[in-house]
K.L.:
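I have a structure I would like to understand better, so I am pasting it below and will then ask my questions one at a time.
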Amino acid sequence: QVQLAESGGGLVQPGGSLRLSCAASVGIFSITAMGWYRQAPGKERELVAAVTRGGRLNYADSVTGRFTVSSDNAKNTVYLQMNSLKPEDTAVYYCNVRLGIAVGGKYDLWGQGTQVTVSS
């Protein structure tokens, strides 16, 4: 089985918090990075936050200081703690897992998406 299971979205008021989780089942494949993308209506899908196999973190400028990405590599799970949420954070959030296939090769897995709505 090669699949992702993500959860944690919902409706929250501005200033509130949510925690997203994504557990990956990847069989014999190796994970090189895990992270989160989001897509709002009429907007392109964008990287929110990611963590590489080596522990390097990457955040979008718009979420730096408010969101925290973390991973449990033993469990192949990535989390996104979202604090101080703003209405502009409203989007469908997608878990992404990148697999290393061979030298120079890669394959991306995508979660089904979870809706995050920030509204008063």
K.L.:
Rounded to the nearest 0.5 Å, what's the gap from CG on Leu11 to OG on Ser120? Could you check?
P.N.:
10.0 Å
K.L.:
Check whether Leu4 and Trp36 end up in the same hydrophobic cluster, where Ile, Leu, Val, Met, Phe, Trp and Tyr are linked by side-chain heavy atoms less than 4.5 Å apart.
P.N.:
yes
K.L.:
To the nearest 0.5 Å, what is the distance between CD (Gln3) and OG (Ser25)?
P.N.:
5.5 Å
K.L.:
Distance alone, cut at 3.5 Å: any donor-acceptor contact between the side chains of Glu88 and Thr90?
P.N.:
no
K.L.:
Taking C-beta and beyond as the side chain, do Asp89 and Arg38 meet within less than 4.5 Å on heavy atoms?
P.N.:
yes
K.L.:
Side-chain contact test, heavy atoms from C-beta onward, threshold under 4.5 Å: evaluate it for Leu80 versus Thr68 and give yes or no.
P.N.:
no
K.L.:
Side-chain contact, heavy-atom cut-off 4.5 Å: Cys95 with Trp110?
P.N.:
no
K.L.:
Do you reckon Val63 sits in the same ILVMFWY cluster as Leu57, going by side-chain contacts under 4.5 Å, direct or chained?
P.N.:
yes
K.L.:
Nearest heavy-atom pair of Ala91 and Ala40: which atoms, and what distance?
P.N.:
CB-N, 3.8 Å
K.L.:
Backbone N or O of Gly113 within a donor-acceptor pair of the Glu6 side chain at under 3.5 Å?
P.N.:
yes
K.L.:
Would you say the side-chain atoms of Thr77 and Asp72 include a donor-acceptor pair closer than 3.5 Å?
P.N.:
no
K.L.:
Of all residues at least two apart in sequence or in a different chain, which pass the side-chain contact (heavy atoms from CB on, under 4.5 Å) check with Arg19?
P.N.:
Ser70, Tyr79, Gln81
K.L.:
OG of Ser17 to CZ of Phe67: how many Å apart, nearest 0.5 Å?
P.N.:
9.5 Å
K.L.:
Just so I know, are the side chains of Leu47 and Asn96 near enough to count as touching, which here means a heavy-atom distance under 4.5 Å?
P.N.:
no
K.L.:
How close do Val97 and Ala24 get, heavy atom to heavy atom, and via which atoms?
P.N.:
CG2-CB, 4.0 Å
K.L.:
Could you check if a side-chain atom of Met82 sits within less than 4.5 angstrom of a side-chain atom of Tyr93, using non-hydrogen atoms only?
P.N.:
yes
K.L.:
Within a strict 4.5 Å, meaning less than it, do heavy atoms of the Ile31 and Leu99 side chains meet?
P.N.:
yes
K.L.:
Counting neighbours of CZ on Phe29 that are heavy atoms of other residues, nucleotides or ligands and sit closer than 6.0 Å, is the number greater than 12?
P.N.:
no
K.L.:
Any heavy-atom pair between the side chains of Pro14 and Pro87 that's under 4.5 Å?
P.N.:
yes
K.L.:
For the residue pair Tyr37 and Arg45, confirm or rule out a side-chain donor-acceptor distance under 3.5 Å.
P.N.:
no
K.L.:
Applying a strict under-4.5 Å side-chain criterion to I, L, V, M, F, W and Y, I'd like to know whether Tyr94 and Met34 cluster together.
P.N.:
no
K.L.:
Quick one: do Val78 and Val116 end up in the same hydrophobic cluster if we chain Ile, Leu, Val, Met, Phe, Trp and Tyr together by side-chain heavy atoms under 4.5 Å apart?
P.N.:
yes
K.L.:
Please confirm whether the backbone N or O of Arg98 pairs with a side-chain atom of Thr32, one donor and one acceptor, at under 3.5 Å?
P.N.:
yes
K.L.:
Less than 4.5 Å apart, side chain to side chain, heavy atoms only: is that true for Val48 and Tyr59?
P.N.:
no
